[in-house]
J.: 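Here's a structure for you.
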Number of protein chains: 2
Amino acid sequence: MTVSDRPPTLADIARDAGVSVSTASRVLAGTGYASPAARGRVTAAADRLGYVPDVAARALARGSGVRLVVLAAGASAAVLDDPYVDRVVGAAARVCAPLGMGVALNWLPSRNPGDLRRLAADRGVGGVVLLNATARVLDAVPTALRGRVVSIGIGSPQVPSVDVDNAGGTEAVVGHLYATGRRRIAMVTGPHWMPCSGRSVTAYRRMMREAGLPARTVSGDFTARRGRVAAREVLTRWPDVDAVVGISDATALGVIDRLRGDGVQVPGDVAVTGFDDIPLAAMTTPALTTATHPVAEIATAAATAALAGGRVGPLTTFPSRLVRRVSA
Amino acid sequence: MTVSDRPPTLADIARDAGVSVSTASRVLAGTGYASPAARGRVTAAADRLGYVPDVAARALARGSGVRLVVLAAGASAAVLDDPYVDRVVGAAARVCAPLGMGVALNWLPSRNPGDLRRLAADRGVGGVVLLNATARVLDAVPTALRGRVVSIGIGSPQVPSVDVDNAGGTEAVVGHLYATGRRRIAMVTGPHWMPCSGRSVTAYRRMMREAGLPARTVSGDFTARRGRVAAREVLTRWPDVDAVVGISDATALGVIDRLRGDGVQVPGDVAVTGFDDIPLAAMTTPALTTATHPVAEIATAAATAALAGGRVGPLTTFPSRLVRRVSA
DNA sequence: TTGTATGCGTTATCAC
DNA sequence: GTGATAACGCATACAA
C-alpha cells in the first residue's frame, strides 16, 4: 500500500477502480446509477486509499453550504455567554461532524436584525439555528434563507420552530405542588417578552384559575441573583405563601438561598421548584425538584432540520417531565 | 440598487468596479498589489452589492480548510457529554464565525486514535483542537496534521499545548488554606493518568512537603458523586482533617455535601476548596472558595493557534487565581 | 449503465 | 499595477 503525501482525490479512486470519475462520484455520493460491479470496485478502492471527499469542492459544485450558523439574538453580545448557548452549539457541532460541516456562533442584535441579509448572501451558510428569536427577528428573515432556518423557541409561519413543552413542564410542576397540598403558590417569571417564559406563565395562570386559586407572579430574568430579590418580594407581598415556582433552576436556587437566609424552611415552610434540571440541581441542598429540559435533543433536532432544508412541521415540541427531589 | 436573487460573485464586483477579477480578488483577499484608486472602487462595489466571499471556493483554490475539528479523547463517546467540552466548542465557534468557518465535534477513542489518519486526509480540516489527550494520542498525530493541531492540556514536542496553570491555582488555594491556619490538609485528586490532575497533585505534594506537613490524597474522578465517597474516606482515614482540597468544583461540592450530611461544619470544622469556579460555585451554601479556570480564553487561544497554522510556543499557560468565598 | 465535458467561485501564476 | 488563464476537486447534464 503506497502512502502518498497528497490526500487521494476522486480521480485517484476512479483510476484505481478502473472507472470514470463520474461513476466514482455517483457511487460515493450515493446518487445516480452504478452497476453492482462498479460500485464494489469503487468503494473498495475508496477505503483502501483512505478517500475522504473534499467538502469544499463538493459544496462548490452542489451549491450547498459548508457550515451551520447558530444565531443568538439579544440586546448585547453578552447573550453568547449563556451556558445554554454552548450546549446548543455543542449539540449542533455533533450533527455537523459526520457531514463534514461545522458550526459558527454569532450574535444577532435584536434591535437590528439586518445581519441576516449578509447571511443570506453567504453561500457558505448551509443552515441557521435561531436562538431567543422575537417576532421582529423572525420577520427579518430574508426569503433567500427560507427553508434553511429553524428557530429554537418561538416560530412563525415562515420559520419552523422546536422547543421544550414549557406548558407541560409547568403543569407537571404546579400539579405536583397542588397534589402535595400547596395552595398559596407564587411564581417568579422570566422577562415578559420571552416566549418560553410566556408559555410557562400562561400555564401557571390557567392551572391556578382552574383550581380557584389566585395567581401571584413576580417578574424575574432567569438568573439566581434576580431570584433572590424576587424571593424577598414574594415574602413581603404574600407572607402566607407556601410554594414558589421558579421559571428556571437558577431562579429557584436564588429563591431558596434567600428563603433559607431569612429563616424560612425549604420545603418545610415553602416548597420551591425550578425548570431545566441543570446538572447541579441534583447536588444542591435541598436537591431541587424541577422539570426536564432536553436541550441537546432539541438542538440536535433543530440543527438536523435546518441542514435538511427545513422540511419539518411548523412546531416540534419535546416533552418535559417532573423530576421530584427534595425542595418540593 | 438592484437586488438580484443570486448572491454576487467576484465577477459581479469586478464588472461593477471596472476591473478584472484578479484585481478584485487581490484587494478583497487583502493579498497582492492594487492601486488606491482600484482598491477604492472595488471595496465600494463590494459592500454596495453586499458581497460575501464564498468560503468553499476560496478553500478549494487555496487548499485551506473549511472547519475546525474539536477532538475529545476518551474511553467512550460519553466524554462529549461533559459541559466543559461544550464550552470549548462554543468558544471555538466564536473564533470561527468571522472566518466563515465552523466547528465540528468528534470523539476520539483513546485506545484507538486511528481516526486521526482520516482527519489528515480530509482537506476540509483547517485545524484540530485536542481535548483530554494522552501521550499515546499525541504520538498518533500524523505528520500531515503537524502545525494545525493544538492540544488543550498535555502537549508534546510535535503538538503545542495551552492550558490553565493548574500548579499555580493549586498553590494559591493550598496557600490560602495554610494562611488561614489549616494544617491537616487532604486532597481529593483526579484520575492519575490525567495530566491536569497530575500537575495539581504535584503542586499540592510539594507545598505540603515544604511546609513539613504530610500529604494525604484520596483518588477521585472530577465528579461530585466520587467527591461524596472520597469525603467519607478522608474522614475515616484522617479523623483530625481540617481541610479538603477538591480537584474540581464538582468534587468539592460533593465533599461538602457529604461532610455536612455527617454533621461536620464547613468551613467551621473542615474547610473545603474547589477548582474551576463554575457559575454555581458562587451560589451554593456555603459559597465555594476556589480557583479560576478561564476555559473560554484557553479555548479561544487554542482555536486561534490551530487555525493560524500553529506558529505558537510549545506551551501557553493561563493564570488561575484564588476566588475567596465562604467554604474556606 | 457509463463516460465526456462543463461549470461552481476563487486564488495564483505569469506575462504584459 | 493589472489582466488573462489555468488549476482546485467534485457533481451533473448530456451523449453514448
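All of these numbers come straight from a predicted model, not from anything done at the bench.
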J.: Within a strict 4.5 Å, meaning less than it, do heavy atoms of the B/D163 and B/F318 side chains meet?
T.: no
J.: Take atom CG of A/D12 and atom C1' of D/dG9, then tell me their distance rounded to the nearest Å.
T.: 11 Å
J.: Mind calculating the distance between OH (A/Y51) and P (D/dA11) to the nearest angstrom?
T.: 6 Å
J.: Could you tell me how far apart A/D54 (CG) and C/dG9 (C1') are, to the nearest whole angstrom?
T.: 14 Å
J.: Regarding A/A59, tell me which of base, sugar-phosphate or nothing describes its non-hydrogen contacts under 4.0 Å with the strands shown.
T.: nothing
J.: Looking only at N and O atoms, is any donor in the side chain of A/R26 or the base of C/dG3 less than 3.5 Å from an acceptor on the other one?
T.: yes
J.: Using the side-chain heavy atoms of A/L60, tell me which of these nucleotides is nearest: D/dT2, C/dT11, C/dC8.
T.: C/dC8
J.: Remember a base hit wins even if backbone is also touched, and classify A/V21 as base, sugar-phosphate or nothing at under 4.0 Å, heavy atoms.
T.: nothing
J.: From CZ of A/R62 over to P of D/dA13, roughly how many Å is that when rounded to an integer?
T.: 12 Å
J.: Mapping B/G18 and B/A57 to their closest nucleotides on DNA chain D, which lands nearer the 5' end?
T.: B/G18
J.: Identify whether any heavy atom of A/A56 sits under 4.0 Å from a base atom; if not, whether one sits that close to sugar-phosphate; answer base, sugar-phosphate or nothing.
T.: nothing
J.: D/dC10, D/dG3, D/dC8: which one has an atom nearest the side-chain heavy atoms of B/S20?
T.: D/dG3
J.: Can A/D115 and A/R118 be counted as an ion pair, charged N to O under 4.0 angstrom?
T.: no
J.: Whole Å only: how far is the CZ atom of A/R6 from the C1' atom of D/dC8?
T.: 11 Å
J.: Is there a side-chain polar atom (N or O) of B/R58 under 4.0 Å from OP1 or OP2 of C/dG9?
T.: no
J.: Side chain of B/T23, heavy atoms from C-beta onward: which of D/dC8, D/dT2, D/dG9 has the nearest atom to it?
T.: D/dT2
J.: Rounded to the nearest angstrom, tell me the gap between atom OH in B/Y33 and atom C1' in C/dA12.
T.: 14 Å
J.: Looking at B/T9, I'd like to know whether one of its side-chain N or O atoms comes within less than 4.0 Å of OP1 or OP2 on C/dG9.
T.: no
J.: Would you check, one step at a time, whether the test side chain to side chain contact (heavy atoms under 4.5 Å, CB included) holds for A/L138 with A/Q158?
T.: CA-CA 8 Å; A/L138 256 20; A/Q158 339 292 348; over 6 Å; no
J.: Can a donor-acceptor pair under 3.5 Å be found between the side-chain atoms of A/S22 and the base atoms of C/dG3?
T.: yes
J.: Take the protein atom CG of B/L10 and the nucleotide atom P of D/dA4, then report the distance between them rounded to whole Å.
T.: 14 Å
J.: Please walk me through it: do A/W107 and A/V79 pass side chain to side chain contact (heavy atoms under 4.5 Å, CB included)?
T.: CA-CA 8 Å; A/W107 164 51; A/V79 290; 3.6 Å; yes
J.: I'd like to know whether B/L28 forms a side chain to side chain contact (heavy atoms under 4.5 Å, CB included) with B/L10, so could you lay out the CA-CA distance, the side-chain angles of the two residues, the decisive distance to 0.1 Å, and finally the verdict.
T.: CA-CA 9 Å; B/L28 259 19; B/L10 200 50; 3.7 Å; yes
J.: Looking across every strand, which nucleic acid part, if any, lies under 4.0 Å from B/S35 by heavy atom: base, sugar-phosphate, or nothing?
T.: sugar-phosphate
J.: Taking the nucleotide of DNA chain C with the nearest heavy atom to each, does A/A61 or B/S25 sit closer to the 5' end?
T.: A/A61
